[in-house]
Trainee: 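So that we are looking at the same thing, I have put the structure below in structure tokens.
Naming: A, B, ... by sequence-line order, numbering from 1 per chain. As the structure is a computational prediction, the values presented were derived from the model and not from experiment.
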Amino acid sequence: MDKYEKVIELAKRRGFLWNSFELYGGAAGFYDYGPLGSTLKRRIEHIWRELYIIHEGFMEIETPTIGIEEVFVASGHVSGFSDPLCECRKCGEAFRADHLVDNMIDVADALSNTELDILIKDNDIKCPECGGDLGDAYEFNLMFRTAIGPGSGRAGYMRPETAQGMFINFQRLSKFYRDKLPFGVTQIGKSYRNEISPRQGVIRLREFTQAEAEIFINPHNKTHPNFERFSGTLVNLYSEDGQERGTIEQITIGDAVKQGIIAHEYLAYHIALTNHFLWRVGISPDHLRFRQHKKDEMAHYAIDCWDAEIETDRFGWIEVVGIADRTDYDLNAHAKTSKTELYVYIEYDEPKMVTNFVVKPDMGKLGPAFKGKAKSVANVLKDMTREELEQDVIKVIVNGEEFIVSPDLVKFTEERVKVSGENVVPHVIEPSFGIDRILYCTMEHAFNEEMVAAQEETGSNKSKDPKKEKRIIFKLKSEIAPVQVAVLPLMTKSELIEPANKIVAVIRDRGLLVSYDDSGTIGRRYRRNDEIGTPYSITIDYESLDDKSVTIRDRDSMDQVRTPIENIGNLIYELVYGEREFKNAGVPV
RNA sequence: GCGCUGGUGGUUUAGUGGCUAUGACUGAGGCCUUCCAAGCCUCAAACCCGGGUUCGAAUCCCGGUCGGCGCACCA
């Protein structure tokens with residue numbers, strides 16, 4: 001069993017996650033989160049919200065998971081996310097049908113599937129791999145398509161990313177932030193991609209959770225006001241050059257920007273923030289790196305793009321976060337498709353005096369001269385230069401038709417005007433997190449097996465080898481553990497159960513996730529809690545009744561301290577949220 | 001999607017064309033027990049789905065599905 005299998009086995013057995021629809025034989029690419037799994041997920045999302053929404057101030061929005069066709073036409077998903085495929089009947093290889101006929105026709109990518117089929121047949125195109133016959137071309141789009149409303153309805157798609165919901169709300173969001181850059185918006189939610197072959201459990205799903213931020217910044221100023229916070233932070237960078245050389249270098253965020261490895265401060269800040277988040281949820285820094293997209297794999301519009309990658313036992317380095325400078329691409333795309341300008345007005349520090357060359361066609365004379373064409377002629381005139389207008393006869397071409405305009409029909413002057421700002425299409429910095437993958441990685445990095453001394457058997461029949469046994473510990477960060485503390489009466493006796501229940505109530509009032517367990521021996525219960533990652537266990541024994549104290553056990557070290565019941569709720573809270581060290585939680589036992 | 005391979009209690013396993021389908025762990029109840037999966041008793045729980053061959057299929061065959069691996073795909 002490799003680590004992946006062990007983690008998945010534990011996850012299934014203990015109620016973290018499992019394949020969906022098991023009752024009906026399952027469906028690939030879908031996973032259910034069980035009681036502990038969904039709590040773990042919420043707690044990871046909670047930390048994300050704390051960092052991005054509370055700390056950075058990027059307010060969260062919620063938009064539909066179904067989008068109308070226009071949105072994905074604009075974003076490029078309708079055309080770019082779909083390709084005509086055709087497969088070899090003999091060897092099964094799949095090919096881009098349009099690529100197969102690329103050299104015999106100019107507009108291969110504009111052909112319908114039927115046209116492609118005819119071309120392939122007429123030209124007797126065979127499988128480039130094995131020479132076998134090719135099957136019919138079919139459209140494969142990674143988006144789930146659906147119909148909105150009855151009948152044929154309006155085409156809709158399950159969103160393949162949460163981002164578009166934020167872009168198309170740009171105007172309202174900009175107003176919300178009083179039209180001042182930079183501002184950021186976030187969304188955590190489900191996205192859908194009809195993967196051809198989803199595998200690797202939760203790593204590649206057809207329905208998955210994304211946490212995305214879209215940060216709209218001034219394209220003329222990509223410095224970050226709070227850059228100092230992270231300039232000294234060390235990160236593992238696997239830059240484009242590093243990939244050539246095969247080396248990952250450890251470097252501070254500040255130096256990476258100075259040396260031009262990361263394009264600018266704003267992007268670098270978000271690489272560091274991502275690094276911080278992944279550390280907070282328990283990803284081990286030794287198995288984390290940031291890989292720069294190579295020029296040829298980066299989307300053509302992006303300036304720079306880095307993926308956070310986490311090293312896993314079975315799958316190697318997997319991408320969990322993408323952090324990109326998408327420039328003004330998305331806003332421009334939606335502006336064009338929706339025919340609505342999307343921009344922010346940015347005031348200059350100092351108003352500028354600008355000399356404008358202004359053309360004033362005399363419509364009173366142009367009208368009678370050119371009748372219905374007068375307006376078009378005037379528009380062309382307005383764009384002409386002084387030199388062109390100073391000719392004896394002015395030639396104007398409208399839709400290929402030439403008009404001669406006499407100079408007395410148009411006046412022009414130079415005007416000095418004060419300009420205090422300009423309309424700017426913001427650039428977008430986009431950190432995009434795959435929550436399911438991160439969750440899996442936190443589980444894998446938390447998974448530990450260690451050998452511990454087994455209890456010595458009493459009596460004469462020492463049948464079992466008493467030396468060592470395996471302890472499984474899920475070393476989840478206490479902040480994300482789905483059970484934060486277990487309350488365990490030492491014996492299943494009512495005089496211990498009653499005070500134990502009182503302690504449970506006190507801790508719940510403090511807002512902590514508690515489990516109560518009185519089944520089996522104390523050792524068994526400790527092991528059970530080790531396996532689901534409960535960081536602390538409280539044990540109530542007979543002495544507790546006299547000295548009003550309990551024992552707290554630390555999951556990782558198995559050390560115990562004795563502490564008064566009186567302040568137990570606050571104490572556990574401080575332990576869980578890192579405000580107090582375990583050794584300061586009481587008297588060592 | 002293609003190829004190879006597998007699918008037995010919650011988990012992990014044994015096994016065979018034919019009794020009532022193993023065992024371990026876990027779980028539930030009880031006995032015992034004053035801090036790390038101890039012991040004893042009792043109980044619960046399974047042959048991926050559909051079709052075919054057969055007197056009889058969980059077992060053999062075909063198809064599907066799910067998992068794993070390889071190929072392809074991964075804006």
Side-chain angles (χ1 to χ4, degrees), chain A residues 1-2 4-6 8-15 18-30 34 72 75-83 85-96 127 129-130 132 135 138 140-143 160-161 163 193-201 203-204 297-300 302 314 318-319 322 452-459 461-464 466 469-473 488-493 496 519-531 537-545 550-555 558-560 562 589:
Chain A
M1 252 199 191
D2 66 12
Y4 172 77
E5 282 176 278
K6 286 178 181 176
I8 292 299
E9 189 268 325
L10 173 64
K12 268 197 271 191
R13 192 160 44 81
R14 289 302 195 182
W18 52 78
N19 200 215
S20 300
F21 311 115
E22 279 180 335
L23 186 60
Y24 291 103
F30 300 96
F72 300 115
S75 69
H77 285 95
V78 168
S79 55
F81 220 46
S82 147
D83 295 314
L85 291 184
C86 102
E87 283 170 20
C88 172
R89 291 192 213 271
K90 195 172 153 200
C91 69
E93 200 82 10
F95 302 95
R96 286 278 297 271
C127 169
E129 282 295 314
C130 73
Y138 61 94
F140 192 83
N141 191 298
L142 251 41
M143 285 193 294
E161 57 177 24
R193 294 178 194 183
N194 202 0
E195 295 285 351
I196 296 173
S197 77
R199 288 224 190 129
Q200 308 169 334
I203 306 298
R204 216 146 133 225
E297 73 178 295
M298 195 157 57
H300 64 276
R314 181 186 285 197
I318 59 172
E319 175 195 345
V452 292
Q455 188 189 30
E456 274 188 48
E457 279 189 71
T458 50
N461 56 333
K462 291 201 172 186
S463 54
K464 201 177 152 195
E469 65 181 24
K470 194 165 69 182
R471 179 169 86 112
I472 294 175
I473 328 161
L488 317 169
L490 188 61
M491 295 290 143
T492 315
K493 298 288 180 195
L496 297 181
S519 158
T521 62
I522 190 70
R524 179 186 296 270
R525 284 177 275 158
Y526 284 151
R527 289 293 198 277
R528 265 202 281 252
N529 279 292
D530 289 342
E531 213 178 45
S537 299
I538 296 172
T539 308
I540 297 93
D541 56 23
Y542 285 103
E543 266 178 72
S544 303
L545 304 177
V550 289
T551 305
I552 306 176
R553 170 193 182 263
D554 176 57
R555 174 193 68 201
M558 299 201 286
D559 290 343
Q560 298 184 321
R562 193 80 181 166
V589 176

Trainee: Counting distance alone, no hydrogens or angles: does the base of B:C35 have a donor or acceptor under 3.5 Å from a partner atom on the side chain of A:Y526?
Mentor: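 Flag set: donor-acceptor pair detected.
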
Trainee: Please determine, for the side chain of A:I196, which listed nucleotide (B:G1, B:U33, B:C35) has the closest atom?
Mentor: B:G1

Trainee: Does A:D541 make a side-chain donor-acceptor contact with the base of B:C35, cut-off 3.5 Å?
Mentor: yes

Trainee: Taking a pair as Watson-Crick or G-U wobble with both distances under 3.5 Å, which nucleotide is matched to B:A58?
Mentor: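 Answer to the pairing question: none, since B:A58 forms no Watson-Crick or G-U pair.
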
Trainee: CD of A:E5 to CZ of A:R314: how many Å apart, nearest 0.5 Å?
Mentor: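 These two atoms lie 5.0 Å from each other.
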
Trainee: Among A:K6, A:E531, A:R14, find the residue that satisfies the side chain to side chain contact (heavy atoms under 4.5 Å, CB included) test when tested with A:I472.
Mentor: A:E531

Trainee: Nearest whole angstrom, please: distance from the P of B:A72 to the CZ of A:R204.
Mentor: 12 Å

Trainee: When all nucleic acid strands are considered with a 4.0 Å heavy-atom cut-off, which category describes A:E22: base, sugar-phosphate, or nothing?
Mentor: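 Answer is nothing: A:E22 stays at 4.0 Å or more from every strand.
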
Trainee: Would you mind classifying the nucleic acid contact of A:D530 as base, sugar-phosphate or nothing, using non-hydrogen atoms under 4.0 angstrom?
Mentor: nothing

Trainee: Let me know, please, whether A:N19 or A:T551 comes out on the 5' side of the other along RNA chain B by nearest nucleotide.
Mentor: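 Residue closer to the 5' terminus by nearest nucleotide: A:T551.
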
Trainee: Could you work out the separation of B:A45 and B:U53 based on their C1' atoms and round it to a whole Å?
Mentor: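 Roughly 32 Å separates the two C1' atoms.
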
Trainee: Determine the interatomic distance between C1' on B:C41 and the same-named atom on B:U33; round to the nearest Å.
Mentor: 16 Å

Trainee: Which nucleotide in the set B:C69, B:C66, B:U12 lies at the smallest distance from any side-chain heavy atom of A:A27?
Mentor: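 Output: B:C66.
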
Trainee: Got a second to check how far A:R527's CZ is from A:T521's OG1, nearest 0.5 Å?
Mentor: 9.5 Å

Trainee: For a quick check of understanding: with a heavy-atom distance under 4.0 Å over all strands, which category does A:R525 fall into, base, sugar-phosphate or nothing?
Mentor: nothing

Trainee: With a 3.5 angstrom cut-off on both distances, give the Watson-Crick or G-U wobble partner of B:G3, or none if there isn't one.
Mentor: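 Paired with B:G3, as far as the under-3.5 Å criterion goes, is B:C69.
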
Trainee: Which nucleotide, B:C36, B:C66, B:A37, lies nearest any side-chain atom of A:A28?
Mentor: B:C66

Trainee: Expressed as a whole number of Å, how far does the C1' atom of B:U11 sit from that of B:G1?
Mentor: 33 Å

Trainee: Using the side-chain contact (heavy atoms from CB on, under 4.5 Å) rule, take A:H77 and A:N141 through it: C-alpha gap first, then chi angles, then the decisive distance, then the call.
Mentor: CA-CA 9 Å; A:H77 285 95; A:N141 191 298; over 6 Å; no

Trainee: NA contact type, A:G201, heavy-atom cut-off 4.0 Å: base, sugar-phosphate, or nothing?
Mentor: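 Answer is sugar-phosphate: A:G201 comes under 4.0 Å of backbone atoms only.
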
Trainee: Does any N or O in the side chain of A:R199 come within less than 3.5 Å of the main-chain N or O of A:R204, such that one atom is a donor and the other an acceptor?
Mentor: no

Trainee: Can you tell me, in whole Å, how much space there is between the P of B:U59 and that of B:G3?
Mentor: 23 Å

Trainee: Starting from the 5' end of RNA chain B, give me the residue, A:R13 or A:Y24, whose nearest nucleotide shows up first.
Mentor: A:R13

Trainee: Taking 4.0 Å as the cut-off, does a side-chain nitrogen or oxygen of A:S519 come that near to OP1 or OP2 on B:A28?
Mentor: yes

Trainee: So which nucleotide from B:G68, B:U34, B:C35 ends up closest to the side chain of A:Y542?
Mentor: B:U34

Trainee: How close do A:F72 and A:P160 get, heavy atom to heavy atom, and via which atoms?
Mentor: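 Nearest pair, atom of A:F72 first, then A:P160: CE2-CD, 3.4 Å.
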
Trainee: Between B:A38, B:U33, B:U11, which one does the side chain of A:T521 approach most closely?
Mentor: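 Among the listed nucleotides, the one closest to the side chain of A:T521 is B:A38.
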
Trainee: Which nucleotide, if any, forms a Watson-Crick or G-U wobble pair with B:C43, using both distances under 3.5 Å?
Mentor: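 Partner of B:C43: B:G27.
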
Trainee: Taking the same atom, P, in B:G17 and in B:G52, what whole-Å distance lies between them?
Mentor: 23 Å

Trainee: How long is the gap from CD1 on A:I473 to CG on A:D530, to the nearest 0.5 Å?
Mentor: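 Nearest 0.5 Å value for the CD1-CG distance: 6.0 Å.
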
Trainee: Within the structure, does a side-chain N or O atom of A:S197 lie under 4.0 Å from either OP1 or OP2 of B:G1?
Mentor: no

Trainee: Suppose we define a pair by two distances each less than 3.5 Å, Watson-Crick or G-U wobble; what does B:U53 pair with here?
Mentor: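 With both distances under 3.5 Å required, B:U53 matches none.
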
Trainee: On a whole-Å scale, what distance lies between the C1' atoms belonging to B:G15 and B:G50?
Mentor: 25 Å

Trainee: Whether A:K12 and A:E22 form a salt bridge (side-chain N of Lys/Arg under 4.0 Å from carboxylate O of Asp/Glu) is what I want to check.
Mentor: no

Trainee: Tell me: CD1 of A:I552 to P of B:C36, nearest whole Å?
Mentor: 18 Å

Trainee: If we call it a pair only when both distances are under 3.5 Å in a Watson-Crick or G-U wobble match, what pairs with B:U20?
Mentor: none

Trainee: Nearest to the A:T539 side chain among B:C36, B:U11, B:C35, which nucleotide is it?
Mentor: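 The nucleotide sitting nearest to the side chain is B:C35.
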
Trainee: When you get a sec, tell me which of B:C36, B:G1, B:C35 is the closest nucleotide to the side chain of A:L490?
Mentor: B:C35

Trainee: Please report, rounded to the nearest Å, how far the C1' atom of B:A24 is from the CD atom of A:E9.
Mentor: 13 Å

Trainee: Name the nucleic acid region contacted by A:R555, choosing base, sugar-phosphate or nothing; use a 4.0 angstrom heavy-atom cut-off, strictly under.
Mentor: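 Nothing, no nucleic acid heavy atom in range.
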
Trainee: With no angle test and no hydrogens, is the base of B:G70 tied to the side chain of A:R199 by a donor-acceptor pair under 3.5 Å?
Mentor: yes

Trainee: Between A:L23 (CG) and B:U65 (C1'), how many Å, whole number?
Mentor: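 Interatomic distance, CG of A:L23 to C1' of B:U65: 14 Å.
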
Trainee: Looking at residues at least two apart in the chain, or sitting in another chain, which of them share a side-chain contact (heavy atoms from CB on, under 4.5 Å) with A:A163?
Mentor: A:E161, A:F167, A:E212, A:E214, A:E430

Trainee: Report yes if the side chains of A:M558 and A:V452 come closer than 4.5 Å at any heavy-atom pair, otherwise no.
Mentor: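 Yes, close enough: below the 4.5 Å cut-off.
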
Trainee: Nearest to the A:E531 side chain among B:G68, B:A72, B:A37, which nucleotide is it?
Mentor: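 Of all the options, the side chain of A:E531 is nearest to B:A37.
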
Trainee: Closer than 3.5 angstrom, by distance alone: can the side chain of A:N19 be matched with the main-chain N or O of A:F30 as a donor-acceptor pair?
Mentor: yes

Trainee: Round to the nearest Å and state the distance from A:E195 atom CD to B:C71 atom C1'.
Mentor: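 The answer, rounded to whole Å, is 16 Å.
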
Trainee: Quick check on B:A38: is either OP1 or OP2 less than 4.0 Å from any side-chain nitrogen or oxygen of A:R524?
Mentor: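 Answer yes for this pair, as a side-chain N or O of A:R524 is under 4.0 Å from OP1 or OP2.
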
Trainee: Determine yes or no for a side-chain-to-main-chain donor-acceptor pair under 3.5 angstrom, with A:R524 supplying the side chain and A:S519 the backbone.
Mentor: no

Trainee: When the C1' atoms of B:C47 and B:A21 are compared, how many Å lie between them, rounded to an integer?
Mentor: 8 Å

Trainee: Let me know the distance between CH2 of A:W18 and C1' of B:C66, rounded to the nearest Å.
Mentor: 17 Å

Trainee: So, does A:R562 get its side chain near the phosphate of B:C35, meaning an N or O under 4.0 Å from OP1 or OP2?
Mentor: no

Trainee: Could you go over nucleotides 57-59 of chain B and give all protein N or O partners under 3.5 Å, atom names and distances?
Mentor:
none

Trainee: Contact class for A:Y4 (heavy atom, under 4.0 Å): base, sugar-phosphate, or nothing?
Mentor: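 Sugar-phosphate contact only.
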
Trainee: Output the rounded distance in Å from NZ (A:K470) to C1' (B:U11).
Mentor: 12 Å

Trainee: Using the C1' atoms only, state how far B:C19 lies from B:G51, rounded to an integer number of Å.
Mentor: 28 Å

Trainee: Could you state the CD-C1' distance from A:Q200 to B:C69, rounded to the nearest angstrom?
Mentor: 11 Å

Trainee: Across the strands shown, which category fits A:R471 at heavy-atom distances under 4.0 angstrom: base, sugar-phosphate, nothing?
Mentor: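 If one applies the 4.0 Å heavy-atom cut-off, A:R471 turns out to touch nothing in the nucleic acid.
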
